[in-house]
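Let me begin by presenting the structure, written as C-alpha cells, before commenting on it.
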Number of protein chains: 2
Amino acid sequence: MELPERKRQILKAIVESYIETAEPVGSKMIAGVFSQPISSATIRNEMSELEELGFLEKPHVSAGRVPSYAAYRLYVDELMESYRVTTGEIERLQAAMRSRLRELDNIMVNASRIVSHFTDHTSVSIVDRAGGASVRKVQLVSVDDMTYAAVFVTENDARSKVLRLPSPLPGNEASLLERALNLAIGQRRLPELVSGLRMMAAPGNGALFLAEKVLEQVRELEGENHSADVYVDGAARLLNNREYQDPEKARDLLDYLSDRKKVGELARDEIPYVVNIRIGPENTDPRLRDVSFVFTAYDLDERTRGIVGVIGPTRMDYARTIARLSAIARQLSRLASGENAKYKLKESGEAHGGK
Amino acid sequence: MELPERKRQILKAIVESYIETAEPVGSKMIAGVFSQPISSATIRNEMSELEELGFLEKPHVSAGRVPSYAAYRLYVDELMESYRVTTGEIERLQAAMRSRLRELDNIMVNASRIVSHFTDHTSVSIVDRAGGASVRKVQLVSVDDMTYAAVFVTENDARSKVLRLPSPLPGNEASLLERALNLAIGQRRLPELVSGLRMMAAPGNGALFLAEKVLEQVRELEGENHSADVYVDGAARLLNNREYQDPEKARDLLDYLSDRKKVGELARDEIPYVVNIRIGPENTDPRLRDVSFVFTAYDLDERTRGIVGVIGPTRMDYARTIARLSAIARQLSRLASGENAKYKLKESGEAHGGK
DNA sequence: GGTTAGCACTCAACTCCCCCGAGTGCTAAT
DNA sequence: ATTAGCACTCGGGGGAGTTGAGTGCTAACC
C-alpha cells in the first residue's frame, strides 16, 4: 500500500518543519510551502488521513500535528533528500583529522570528539574487537621489583596493564614466569598453569599474583563479555535540544551515557557499513526510546571495527547528520587502514536503517 | 572581630536549613529551632546585622535570606559539626573498594566511581605525576611488523601506546632501535638520536616514525604540560540539584567537566593532605564560580599523587561530604601504597579549607 | 539596653478569569 | 475531489485579586 504522492509530500513537509522548529505543524503552514497552492482545508483532510495511518499525532486538539516514529522512519527511508556535504566542510573535517590519528589509542577518542563537533550532537565511539581477540603472547616489563607492566599482544593490537604486586618479584623470576606464561598461552593451557602455581606458592606470592592477573586479563580479552571500549563526547550538547529541558529526562539519558557497558551494547549486533538509524522505540534499551541513534561502522583493521554515531532527539536533522557522519567514517576508515578502505557508502549518502 | 555566639548559632542554623531545603530561610523558621526560645523579632534584628556583615543575602525583600559565600566559608571553618561516618558506611565502602583496586590503571576510575556513589555528587579523580616523571626506559613490543606497542617505564609507573607504522619494520630492526633508544634515553640525548635518524632515513620509514613517536611521548610524559589523567563520574547527578534545573547552567558545567585539560588544572597547586574546600568564587575557573569543589589528595606511591573530589552546589552538605571523602581517601591511600599510608587526616574529619 | 509584641508594608507566587488565536472537523457549495 | 466557511476546542498569555511568608520599624517591657 504505497502512500500517494501528495500525502508523501505533505508528510515530508511536516517532518521537515518539525525538525526545524520543534513546534507542532498546522495545516496553513504546510499549505504555504507548495509551488502549486493547495488550500489548508485539503491539507487538513490529508493530515487527518495521515493521522489515521499512524504517521501523525496530535499533542492536543488545537495544536497542529507532530510526526510519529513511523513518520520519521518513512522520512528517512523514502522521503528525505540527501544533504550534500560542502567542500568547505570536507576541508575543515580533514584538517581536524589530519593530526593525531596515527595512534590507535587516540583514534576513538578523537573520532568521538570530531563527530560530536561536526554534527553538533552527542557522539559515541565504540571499538569492537571481533569475537574477543585471542592473546598471542604476554610480555612483562619491569618497573621495579614490586611493579610490572603486563603487555598483552593480540592478533593486531596490544594493551598493557600496570600491576602492583603484594610482594617483590626479582627480574629473573619475572622472566622465567614470562616464559612459562607464554608457553602456556601457546598451548592454551593457561588456567592449568595458574592452578598449578596456586598449589605451589603461598597466597600473596608475587609470581602467583601476577599470573592470576594475567589469566584474568586474558580471559577478559578473549571472553565474550569483554567490555568494548566506549567513548562519549559532547554529552552536554544534549541539553541544547528543547526536548531535554526537563532535567529528569536529561539526567536519565546522561546516566545511560555514562554507563559504558550499556553503551557498548549498542554495537552488539551485526552492523553494516552504511549509516544505520534507530529511531525511538527501535532502540532496544528503554532509556533510548525517545531518541534516535544514527551510527555507522568503519574498519580499524582486519579484525577490529569501530562504530561511531550520534545520539539526539528523534527530530534531529537526519539528512545533515547522516551526510556528515558518513563523511567522517569514510575518512576514518581511510586513515585507519591505510588506503585499502573497506568503507563503501554509496556516494549519495543514502541510508536504510535497520531495526 | 569575633562574631558573638548567638549570631554564630543563628548563622549556623540558617546555613543548615538552606543546605537541607534550598529555600530562603525566614526568621520564624530559625526561632523555632533553639532550645531556649528567642522571638522571631530578635532573630530578625540579628539577621539584618548578619546581612550588613555580608553573611546573608536577600533574593528579594519578602523572601527570607540565603547564605553568602562568606557564610559557607565561616560555616565550614568554624561552625560546622563533623559528621561521623557510621560503621555501616565504612563497611559498605570497604566492600566496594576491596575488589579491583590492585591495578593502578583502575584505581582512578574506580576511585571516581566510588566517590560519586558514596557522596551522591559528581566526582573528579585526577592523577598528578609530580613534575613529569622521567622516562627510564622504553620497550618495543611487536604486534606485527607494522604495529608495535611502545611501553614507557618511569620511576614507578609504565604506560603503553600502540603505534601503527606507515611501513613495515622487521623485528630485528626493532630491537636494534630499542637498544639505541634506551642508550639515548640513558644519556639524555634522545632528541639528537631522532634528528640523526631523520637525516639518514626517508620520511615514512618505520624506524624513524617509531623513534619520532617515542620522542614525542617521552616529551609528553616528562614535559611540564603533561596532561594529568582525569576521570569524572556521576556527571548526571548534577542535575539532581535544583540549582541546575536551568539547562543553560547545567550545560556550561557539563561542558567544563568534559574538558579534561581544564579539570586537570584543578590539581595544579600544592594540595595538602586534608580535605580542601573551594567555595564559589574561590575557584579560579569562572565556570566554577557558583559551585563548591571539595577534594583531597592521597598518595598513589612515592611520586604520584591522586586527587579525588566532588563538585556540587555551594549549598552541599559539607559535613557529610567531607567525612565520606576523607574516609575514602584514607582507604585509597592505604590500598595504594600498602600499609605505609601517608594520608593523615585527623580522626574527626575536621577540615580547614584553603583558597 | 536588649528583647519582644505588634503592625504596616512588600512582593513572589498562586488562582481565577477572560480573551485571543492557532488549529481542527465538518458541511455545503463548487 | 477540492475548497470556502464556520463552529468549536483548547493552550497560552495577560491582567486582577488574593494569599502568605517575610521584612522593618516602633513602642512597650523587663
Side-chain angles (χ1 to χ4, degrees), chain A residues 2-11 13-18 20-68 71 242-243 245-246, chain B residues 2-11 13-18 20-68 71 242-243 245-246:
Chain A
E2 264 290 297
L3 221 46
E5 183 56 22
R6 197 175 60 183
K7 280 204 179 51
R8 295 164 61 93
Q9 288 309 312
I10 290 172
L11 188 57
I14 292 172
V15 170
E16 285 173 356
S17 161
Y18 190 69
E20 199 182 314
T21 65
E23 298 285 344
V25 184
S27 54
K28 270 191 198 139
M29 173 114 292
I30 297 306
V33 304
F34 289 101
S35 49
Q36 183 191 358
I38 316 177
S39 92
S40 66
T42 311
I43 305 281
R44 280 203 289 285
N45 289 333
E46 296 283 46
M47 281 167 90
S48 104
E49 284 169 51
L50 283 168
E51 186 177 349
E52 267 171 34
L53 292 170
F55 291 114
L56 295 178
E57 285 159 10
K58 280 194 288 222
H60 54 263
V61 60
S62 73
R65 278 157 169 118
V66 159
S68 69
R242 70 160 61 189
E243 22 277 287
Q245 299 303 74
D246 177 13
Chain B
E2 264 291 296
L3 222 47
E5 183 56 23
R6 196 174 61 181
K7 280 202 179 52
R8 295 164 60 91
Q9 288 310 311
I10 289 172
L11 188 57
I14 292 172
V15 170
E16 285 173 355
S17 161
Y18 190 68
E20 199 183 316
T21 66
E23 298 286 345
V25 184
S27 52
K28 269 190 202 143
M29 173 115 292
I30 298 304
V33 305
F34 289 101
S35 49
Q36 183 191 357
I38 317 178
S39 93
S40 68
T42 310
I43 305 280
R44 279 203 290 284
N45 289 332
E46 296 282 47
M47 281 167 93
S48 103
E49 285 169 51
L50 282 167
E51 186 178 349
E52 267 172 33
L53 292 169
F55 291 113
L56 295 178
E57 284 159 11
K58 281 195 288 223
H60 55 264
V61 59
S62 71
R65 274 152 171 123
V66 159
S68 70
R242 71 159 62 187
E243 21 277 287
Q245 299 302 73
D246 176 13

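Proteins come first, then strands; the chains are lettered A, B, ... in the order of their sequence lines, and each starts at number 1. Here the structure is a predicted model, which means the values were calculated and not measured.
Ala63(B) approaches Pro24(B) most closely through the heavy-atom pair O-CB, 2.7 Å.
Nucleotide dT23(D) holds its P atom 12 Å from the CD1 atom of Ile10(B), rounded to whole Å. Straight-line distance from the CE atom of Met47(A) to the C1' atom of dT3(D): 17 Å, rounded to whole Å. The distance from atom CD1 of Ile30(B) to atom P of dT4(C) is 15 Å, rounded to the nearest whole Å. Going from atom CG of Leu50(A) over to atom C1' of dT24(C) covers 15 Å, rounded to whole Å. In this entry the distance linking CD1 of Ile14(A) with C1' of dT24(C) reads 13 Å, nearest Å. Note: NZ (Lys7(A)) to P (dA1(D)) measures 10 Å, nearest angstrom. In this structure, Met29(B) places its CE atom 10 Å from P of dA21(D), rounding to the nearest Å. Atom CD1 in Ile43(B) sits about 12 Å away from atom P in dA5(C), given to the nearest Å.
In this structure, the side chain of Ser68(A) engages the main chain of Gly54(A) through a donor-acceptor pair within 3.5 Å.
Remark: Ser48(B) engages Arg65(B) in a side-chain contact (heavy atoms from CB on, under 4.5 Å) (not counting sequence neighbours). Under the side-chain contact (heavy atoms from CB on, under 4.5 Å) criterion, Ser17(A) pairs with Thr21(A), Val25(A), Met29(A), sequence neighbours left out. Taking Glu20(B) as the reference, nothing meets the side-chain contact (heavy atoms from CB on, under 4.5 Å) condition, with sequence neighbours excluded. For Asn45(A), the side-chain contact (heavy atoms from CB on, under 4.5 Å) criterion is met by no residue, not counting sequence neighbours.
Of the two residues contacting DNA chain C, namely Glu46(B) and Pro24(A), the nearest-nucleotide position lying further toward the 5' end is that of Glu46(B).
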Assess the residue pair Ile14(B) and Phe55(B) against the criterion (side-chain contact (heavy atoms from CB on, under 4.5 Å)); give the C-alpha distance rounded to whole Å, side-chain angles, the decisive distance to 0.1 Å, and a yes or no.
CA-CA 10 Å; Ile14(B) 292 172; Phe55(B) 291 113; over 6 Å; no
I'd like to know whether Thr42(A) forms a side-chain contact (heavy atoms from CB on, under 4.5 Å) with Arg6(A), so could you lay out the CA-CA distance, the side-chain angles of the two residues, the decisive distance to 0.1 Å, and finally the verdict.
CA-CA 11 Å; Thr42(A) 311; Arg6(A) 197 175 60 183; 3.6 Å; yes
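Considering only side-chain atoms of Ser39(A), the nucleotide from dT24(C), dA4(D), dT4(C) that sits closest is dA4(D).
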Below 3.5 Å between N/O atoms, which protein atoms pair up with nucleotides 24-30 of chain D? Just atom names and distances, please.
| unit_1 | atom_1 | unit_2 | atom_2 | d |
| --- | --- | --- | --- | --- |
| dG24(D) | OP1 | Lys58(B) | NZ | 3.1 |
| dG24(D) | OP1 | Arg65(B) | NH2 | 2.7 |
| dG24(D) | OP2 | Arg65(B) | NH2 | 3.4 |
| dG24(D) | N7 | Arg44(B) | NE | 3.2 |
| dG24(D) | O6 | Arg44(B) | NH2 | 3.2 |

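Side chains of Arg242(B) and Glu23(B) form a contact here, defined as non-hydrogen atoms less than 4.5 Å apart.
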Which parts of nucleotides 11-20 of chain D does protein reach within less than 4.0 Å, heavy atoms only, written one letter per nucleotide 5' to 3' as B for base, S for sugar-phosphate only and - for none?
S---------
